[in-house]
Each structure stands twice: as C-alpha cells, then as structure tokens.
Amino acid sequence: MTTRVRPSSKRCAVIGGSGFLGRHLVEKLLERGYSVAVFDIRQSYELPGVTFYQGDLCDKEALRPALKDVPLVFHCASPAPASDDRALFQRVNVQGTRTVIQACTELGVQKLVLTSSASVVYEGADIKNGTEDIPYAAKPMDYYTETKIKQEKLVLQACDKEGGLLTVAIRPHGIFGPRDPQLVPILVDTARRGKMKFIIGDGTNLVDFTFVENVVHGHILAAEHLRPESPLCGKPYHITNDEPIRFWDFMSKVLVGLGYAAPRYHLPYMLVYGLAMLLWLLALLLRPLVAFKPTFTPMRVALAGTHHYYSCEAAKRDMGYKPLVSLTEGISRTVESYPHLRHGAP
Ligand SMILES: NC(=O)C1=CN([C@@H]2O[C@H](COP(=O)(O)OP(=O)(O)OC[C@H]3O[C@@H](n4cnc5c(N)ncnc54)[C@H](O)[C@@H]3O)[C@@H](O)[C@H]2O)C=CC1
Ligand SMILES: CC(C)CCC[C@@H](C)[C@H]1CC[C@H]2C3=C(CC[C@]12C)[C@@]1(C)CCC(=O)C[C@@H]1CC3
C-alpha cells in the first residue's frame, strides 16, 4: 500500500526561481519560513533552504521531483520578451504551462499561483486605471503578449474548487528593482549609445512601474488567501505600486540617478511608432540573412507614448494588498544596486 505524505504547508516550489522576480520571491519565502524547491532551466545562485532542480518546464518528468509533496507552486518562468521568438514563447508559455498544470494535478498540488502580466489587455491604446474586467487584447502587440494571454487563460480555467487544484493569476506591470535584467540595463545601454535624448510624444502619459518587492508581496498574499471559498479562485489580480508616474519622469529619475542626462527633445509619437513598425518589418524580412534587434520596437514605443496604469483595488479588497515600498524608495534602492551601470563606470 502506498501512503501519500501530507505536504508541509510551509513547503513550496518556484518555477523560474533563478530569474529576477523568481529569486526575489524565493528570498522572501525563505524569510517567511518556507522551504523552497526551485525549478529552472538554469541555476543562478545557491541559498540555504533552497533545493535546485534544473530542467525545462516543458518536460513533465523533469518537473515531477521538484513538485512532489509540495502543496503550493509559483510559476514565474518565461522566455524574455526581448527574444521575440514566437516558437519559443508558444512552446514554453503555452505548451509548457499545460505541462505544469498536468504535473500539479497529477501530484496533488493544492495551489498554483501564476505570474501573468497586465499587458494581456494592452494593445497600444491608452489604459487609465484599468480594472481586471477589461477584455484580453484582441490584437496583442507582440508574440510574448499573445502567449501570456493563452497562458493566463489556461491557468485560470484549470481552477477546480471541488477538491482539485486552486489557481490564481497575478498581473504585475513594469517590474523594476535590483538585479532586473531588462528595464534598467536596456535603458542604460540605449543612453550609452546616445539614443536617450528624445521624449516620445508630449511626455505626459502616466504608467505603472512596480517595485519587485511589492510584486513578491502580492504573490505571497495571493497564495495565502487562495482557498476554495475565497473570491481569488480562477481570477486575475493587478499588483502595482498604486502610484502611476509619467513614463518619461520615471526614465529620467533612473537615468539621472545613474549619472546620465534626462531626455529633453520631443518627437511626435506617430512618427516614431511608424519608424518602429518599418524597422520591425525590415528585421523580419532580413532575419534569414542578418540578425538585428531594433531597440525601439513598436511595443516599446507604444509603452513609452501611451497611458497604461491599472487599478489594484481588487487585490486590496480580496487579499489585503498594499504596496510596501514607495516608488521613490524603490527607485533609489534600484539605482544604488547598479554601480557598474553608472555613467563612467568601467
Ligand atoms: N519584468 C517585468 O516587467 C514583467 C514580468 N512579468 C512576468 O514575470 C515573470 C518573471 O519575469 P522576470 O523575472 O522579469 O524574467 P526572468 O527572465 O528574469 O526570469 C524568468 C526565468 O524563467 C526561466 N525559464 C525560461 N524558460 C524556461 C523553461 N523552459 N524552463 C524552466 N525555466 C525557464 C529563466 O531561466 C529565468 O530564470 C514572467 O512570467 C514574466 O512574463 C510580468 C509583467 C512584467
Ligand atoms: C528604449 C526606451 C524607449 C525604453 C527603455 C525601457 C524599456 C526597456 C522598458 C520600459 C517599460 C518596460 C516594460 C516591459 C519591458 C521593459 C520596458 C519595455 C514589459 C514589456 C516586460 C514584460 C511585461 O509583461 C510587460 C512590461 C511592460 C513594461
């Protein structure tokens, strides 16, 4: 006779735990007394209390040992948006997420918390204080977003309140903080190449940037409030800093904090967007011959020139969420954490 070990409620697994958000989540879970299994395609650090399982989440057999006897799973793995690789996004975010759900169900995992993205409803038009009932983007702006939509639907539809797997999706927006591999590094690289002199549009568009520790806080609250009778089951929740800021003020604060000049000259939004579309098409056509990745993609230009900020009232109401770190504090901690990206650093 086989007896199933009752998983300890302070055990959990983080798929994608070697990444930027994943590692911050792991560190906070350890602080809160959890023991953590990390499953990732790469191992980027070692920590007491963490067991690493290296593998591809599309491989169920590789996933099984990491999810065995674990009641709670966080899934925050994804290929980087900048890869713009449609086949990879489809394989990892869609097929891989199906595999994660199957593995969770087969192994008797009780809760699955997905890191989705607020961009699942964004298609280039202004979003002001958007709530979770905005429909998914009918025309997602890139392959990353297209597959994040499919991924979120899969996870939310898998929610089974009748004794099965419970699921919830967290939709963060513009995550920043120490060790972020994309926002600050791309910004600094663009500034070092002399391309951060211009403000796209009139510069008044408000957006959400969310400090990573607030995103982590939202994930842990969601996990702890997810119960069969709670409103969280099968629902998405925005997690933001609740302090929309002008896109170009945020960029300027980070740039100036690191010793670079703030952008000053304005360019018409539609002109830059049109150029970005042309460049994107050119890159697509030339892909078999030369691989070049434009910095100003249509998605980035749209994000830089439109309003996109979201309400986190639902998370406040249903899980008692409130940002722990203000935008000012978050920016200063982020800037201090990048001495090697400062202007003039070797
Ligand atoms: N960074 C941001 O501004 C936002 C991120 N998100 C979501 O947050 C999550 C975490 O993003 P970040 O930490 O920024 O990215 P990241 O690139 O730092 O971390 C992703 C992790 O997933 C792992 N991974 C990728 N493919 C895998 C595979 N096939 N099998 C196993 N592991 C794999 C990577 O090795 C990496 O460690 C992602 O789901 C992303 O879509 C959502 C909104 C905004
Ligand atoms: C070149 C400049 C116009 C912009 C430089 C900064 C950008 C790299 C970032 C500004 C907003 C960021 C953002 C994301 C990635 C990095 C930025 C484009 C996401 C697309 C990451 C994944 C998501 O789920 C949504 C994010 C929205 C904001």
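Ligands are counted one by one from 1 in listed order, and the atoms in each one are counted from 1 as well.
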Which atoms of ligand 2 have any heavy atom of [X] under 4.0 Å away?
X: Pro81; value: 22 (C)
X: Ile186; value: 8 (C)
X: His173; value: 27 (C)

Heavy-atom pair with the smallest gap, counting every atom of Ala77 and Leu57: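 Shortest heavy-atom contact: CB-CD2, 3.5 Å.
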
Ring geometry between [Y] and [X] (parallel below 30°, tilted from 30 to 60°, perpendicular above 60°):
X: His343; Y: Tyr260; result: perpendicular
X: Phe89; Y: Tyr144; result: perpendicular
X: His173; Y: His308; result: perpendicular

Arg23 with Glu27: basic N within carboxylate O range, under 4.0 Å: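 Between Glu27 and Arg23 there is a salt bridge, with a charged N closer than 4.0 Å to a carboxylate O.
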
Residues Glu313 and Lys316 bridged, charged N to O under 4.0 Å: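 The answer is yes: the pair qualifies as a salt bridge.
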
Heavy-atom nearest option to atom 16 (C) of ligand 2, drawn from Gln182, Lys148, Met141: Gln182

For atom 18 (C) of ligand 2, the option (of Lys195, His308, Met251, Arg300) bearing the nearest heavy atom: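 Ranked by closest heavy atom to atom 18 (C) of ligand 2, first place is Arg300.
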
Identified side chain to side chain contact (heavy atoms under 4.5 Å, CB included) counterpart of Thr97 within the set Val94, Ile101, Thr99: Ile101

Asn93, Val121, Val120 screened by side chain to side chain contact (heavy atoms under 4.5 Å, CB included) with Ile149, the one that passes: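 When side chain to side chain contact (heavy atoms under 4.5 Å, CB included) is applied between Ile149 and each of Asn93, Val121, Val120, only Val120 qualifies.
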
Protein heavy atom under 4.0 Å of atom 23 (C) of ligand 2: yes

Protein non-hydrogen atom found under 4.0 Å from atom 10 (C) of ligand 2: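 Flag for atom 10 (C) of ligand 2 set to true, protein heavy atom closer than 4.0 Å.
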
Step-by-step salt bridge (Lys or Arg N to Asp or Glu O under 4.0 Å) determination, Asp189 to Arg193: CA-CA 6 Å; Asp189 179 60; Arg193 287 187 289 118; 3.2 Å; yes

Nearest neighbour in protein (non-hydrogen) for [atom]:
atom: atom 20 (C) of ligand 2; value: Leu303 CD1, 4.0 Å
atom: atom 25 (C) of ligand 2; value: Ser117 OG, 3.8 Å
atom: atom 1 (C) of ligand 2; value: Phe296 CE2, 3.8 Å
atom: atom 12 (C) of ligand 2; value: Leu183 CD1, 4.3 Å
atom: atom 5 (C) of ligand 2; value: Leu187 CD1, 4.2 Å
atom: atom 26 (C) of ligand 2; value: Gly174 N, 4.3 Å
atom: atom 4 (C) of ligand 2; value: Phe247 CZ, 4.3 Å

With Glu213, the side-chain hydrogen bond (donor to acceptor under 3.5 Å, both in side chains) member among Arg333, Lys28, His24: Arg333

ring-ring contact (aromatic ring centres under 6.0 Å, His included), paired with His238, selected from Tyr122, Tyr310, Tyr321: Tyr310

Heavy-atom check, side chain of Leu21 versus side chain of Thr115, under 4.5 Å: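 Side-chain contact under 4.5 Å: yes.
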
Every residue of the protein that comes under 4.0 Å of ligand 1, judged on heavy atoms: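 For ligand 1, the contacting residues are Gly16, Ser18, Gly19, Phe20, Leu21, Asp40, Ile41, Arg42, Gly55, Asp56, Leu57, Cys76, Ala77, Ser78, Val92, Thr115, Ser116, Ser117, Tyr144, Lys148, Pro172, Gly174, Ile175, Pro181, Gln182.
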
Nitrogen or oxygen atoms of Tyr144 and ligand 2 under 3.5 Å apart: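 It does: an N or O of Tyr144 is found under 3.5 Å from an N or O of ligand 2.
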
Any donor-acceptor pair under 3.5 Å from His307 side chain to Ile127 backbone: no

